[in-house]
Amino acid sequence: MFKKLPGDEARNLVSTTPDTAVVFRPAVMQTPAIVTLVIWLSRLLAGLVRLVVRHPVAVAVPVGLGVIWTLYGWRLALVMAGFLPSAGLSWLLLDRASFLRLVGWPLLAWWRLVAVYRRHWQPVMVVSGLGRHIRGRDYLPRLMRVECDGWADRVSVKMLNGQAVTDWADRIEHLAHGFGASSCRVAVARAGRLVLTFPRRDPLAEPLPAVPIPEVTSVGPVEIGRCEDGTPLRLKVHGTHVLIAGATGAGKGSYLWSTIRGLLPAMRAGLVQVWALDPKRMELSFGRALFGSRYAADPKECADLLDEAVSVMQERADRFAGLQRSHTPTPGDPFVLGRVSGCDQFVGFACPSWPDPVDRRV
């Protein structure tokens with residue numbers, strides 16, 4: 001009863017009189033006033049509940065000041081209103097992380113929701129083709145909530161029935177430019193729900209300094225840099241296999257040397273050995289002093305070093321058979337990390353978790 005009547009029946013009316021305007025008057029249904037009031041009050045109550053759940057801090061501050069004004073007068077409310085900014089600033093200076101988590105990012109999310117996403121939601125959805133206009137009505141995906149952190153906005157969306165994830169993935173450029181972001185990433189939260197990630201800044205825009213050598217002796221995961229959101233990038237090398245591929249100049253060597261740098265304390269303690277195969281002679285040769293006799297560059301020497309690695313693997317497998325599966329590095333039984341630079345002669349050699357098998361391709 002509350003839907004718009006588009007007046008589609010006008011096309012079925014035919015007039016034989018020239019220059020006569022056809023007037024179509026949709027049917028009007030009289031609704032009792034009590035029904036209208038109940039529906040609007042229920043919508044108002046549901047909206048207030050959603051507002052409190054989604055933005056508790058933004059609601060608590062004005063409500064608290066209003067209660068103080070009512071119970072104790074406007075003077076105390078004014079004092080508290082002046083005290084809150086100073087208290088917030090002190091909290092920010094003393095514990096920035098907790099302030100941003102509990103106050104800063106929720107307030108920013110509320111502002112971004114109102115000023116950016118809700119404001120531009122309908123035109124972006126319609127122009128990009130993710131919304132539909134059928135029989136006079138707009139059918140739009142539902143904007144559920146917005147979450148912010150120091151890197152990006154994460155927008156939760158409920159898709160229209162019948163939409164697929166590929167419909168959104170094919171329109172990431174429309175979404176990014178429509179909401180003023182440099183890029184957009186689409187991830188599935190659950191059936192029918194998506195999370196759109198809109199970065200606000202790029203922590204990797206400027207070159208990063210080398211990660212400090214860790215003070216704690218550990219075999220991993222090894223911190224080798226920063227992720228795109230600014231969090232530490234840790235590479236697991238013990239107990240797994242790692243294959244790094246990329247074009248010339250893509251930065252493959254930074255993975256190699258950052259990992260070795262992070263394992264230096266463990267190498268000094270005798271918990272890690274690095275076996276290096278360097279057919280190109282351009283990458284791992286800088287670390288010959290670290291690798292010692294376990295460095296090979298000539299194809300024949302590389303093949304011999306691989307054979308020696310297989311022998312060590314099989315000997316360790318015989319000792320562990322029936323006793324243990326996972327390996328715990330010790331000075332007498334160190335973690336052996338095999339590294340290959342270049343893929344012209346050798347591809348995919350990785351034996352970080354002995355006694356797992358060695359993938360040898362020549």
Side-chain angles (χ1 to χ4, degrees), residues 2 31-125 138 140-158 175 178-181 184 187 189-190 192-203 229-231:
F2 296 100
T31 304
I34 185 63
V35 176
T36 303
L37 290 175
V38 169
I39 292 177
W40 281 107
L41 287 176
S42 63
R43 291 180 177 177
L44 177 61
L45 181 61
L48 291 176
V49 171
R50 285 196 300 267
L51 182 64
V52 173
V53 172
R54 294 180 179 178
H55 311 288
V57 177
V59 172
V61 172
V63 170
L65 293 177
V67 171
I68 294 175
W69 187 316
T70 303
L71 297 179
Y72 304 101
W74 63 271
R75 291 183 177 83
L76 182 59
L78 184 61
V79 171
M80 292 300 299
F83 172 75
L84 287 177
S86 59
L89 180 60
S90 301
W91 185 5
L92 176 63
L93 296 176
L94 293 175
D95 192 350
R96 179 183 178 87
S98 64
F99 176 84
L100 292 177
R101 184 178 68 254
L102 298 176
V103 179
W105 301 137
L107 287 178
L108 178 61
W110 174 80
W111 172 252
R112 299 281 293 177
L113 171 65
V114 173
V116 178
Y117 299 106
R118 185 168 291 168
R119 177 184 177 188
H120 301 290
W121 189 254
Q122 181 177 8
V124 171
M125 292 296 106
D138 287 334
L140 303 176
R142 185 182 300 176
L143 176 61
M144 303 301 295
R145 63 182 302 175
V146 177
E147 296 178 343
C148 295
D149 57 19
W151 170 61
D153 300 337
R154 293 176 176 83
V155 182
S156 299
V157 179
K158 183 178 181 181
L175 296 171
F179 294 116
C184 174
R190 64 187 191 197
R193 296 286 183 91
L194 297 178
V195 176
L196 308 179
T197 302
F198 297 98
R200 297 193 310 274
R201 65 185 186 92
D202 185 7
D229 60 353
T231 58

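Here the closest non-hydrogen pair linking Trp151 and Pro203 is CD1-CD, 3.7 Å. The heavy-atom pair separating Leu196 from Cys184 by the smallest distance is CB-SG, 4.4 Å. Here the closest heavy-atom approach between residue Pro141 and residue Trp121 is recorded as O-NE1, 2.8 Å. Across all their heavy atoms, Cys148 and Val146 have their closest contact at SG-CG1, 4.2 Å. Taking each heavy atom of Ala181 and Pro199 in turn, the nearest pair found is CB-O, 4.0 Å.
Summarising the geometry, atom CH2 belonging to Trp110 is positioned 10.0 Å from atom CZ belonging to Arg118; distances are rounded to the nearest 0.5 Å. With rounding to the nearest 0.5 Å, the separation of CZ in Phe99 from CG in Leu93 is 9.5 Å. Between atom CE of residue Met144 and atom CZ of residue Arg50 there is a gap of 9.0 Å, rounded to the nearest 0.5 Å.
The backbone N or O of Ser98 lies less than 3.5 Å from no partner atom in the side chain of Trp91, so there is not a single donor-acceptor pair. The backbone N or O of Leu113 sits nowhere less than 3.5 Å from a side-chain atom of Arg145 that would complete a donor-acceptor pair. Judged purely by atom type and a 3.5 angstrom limit, Arg200 uses its side chain to pair as donor or acceptor with the backbone of Asp149.
In terms of the side chain to side chain contact (heavy atoms under 4.5 Å, CB included) criterion, Arg119 has no residue partners (sequence neighbours excluded). Taking the side chain to side chain contact (heavy atoms under 4.5 Å, CB included) definition, one finds that Pro123 meets it with nothing, sequence neighbours left out. With sequence neighbours left out, Leu48 forms a side chain to side chain contact (heavy atoms under 4.5 Å, CB included) with Leu44.
Put simply, the side chain of Leu92 does not reach to within 4.5 Å of the side chain of Val103, judged on heavy atoms. Looking at His120 and Phe179, their side chains come closer than 4.5 Å, going by heavy atoms from C-beta outward.
Heavy atoms of other residues, nucleotides or ligands lying less than 6.0 angstrom from CZ of Arg96 number 12 at most.
Using bins of under 30°, 30° to 60° and over 60° for the plane-to-plane angle, the ring pair Tyr117/Phe198 lands in the tilted bin.
For the pair Arg43 and Trp40, the cation-pi test (distance below 6.0 Å, angle within 45°) is passed.
Results of the side-chain contact (heavy atoms from CB on, under 4.5 Å) test with Met125 over Leu175, Leu143, Asp138, Val157 single out Leu175 as the only residue that passes.
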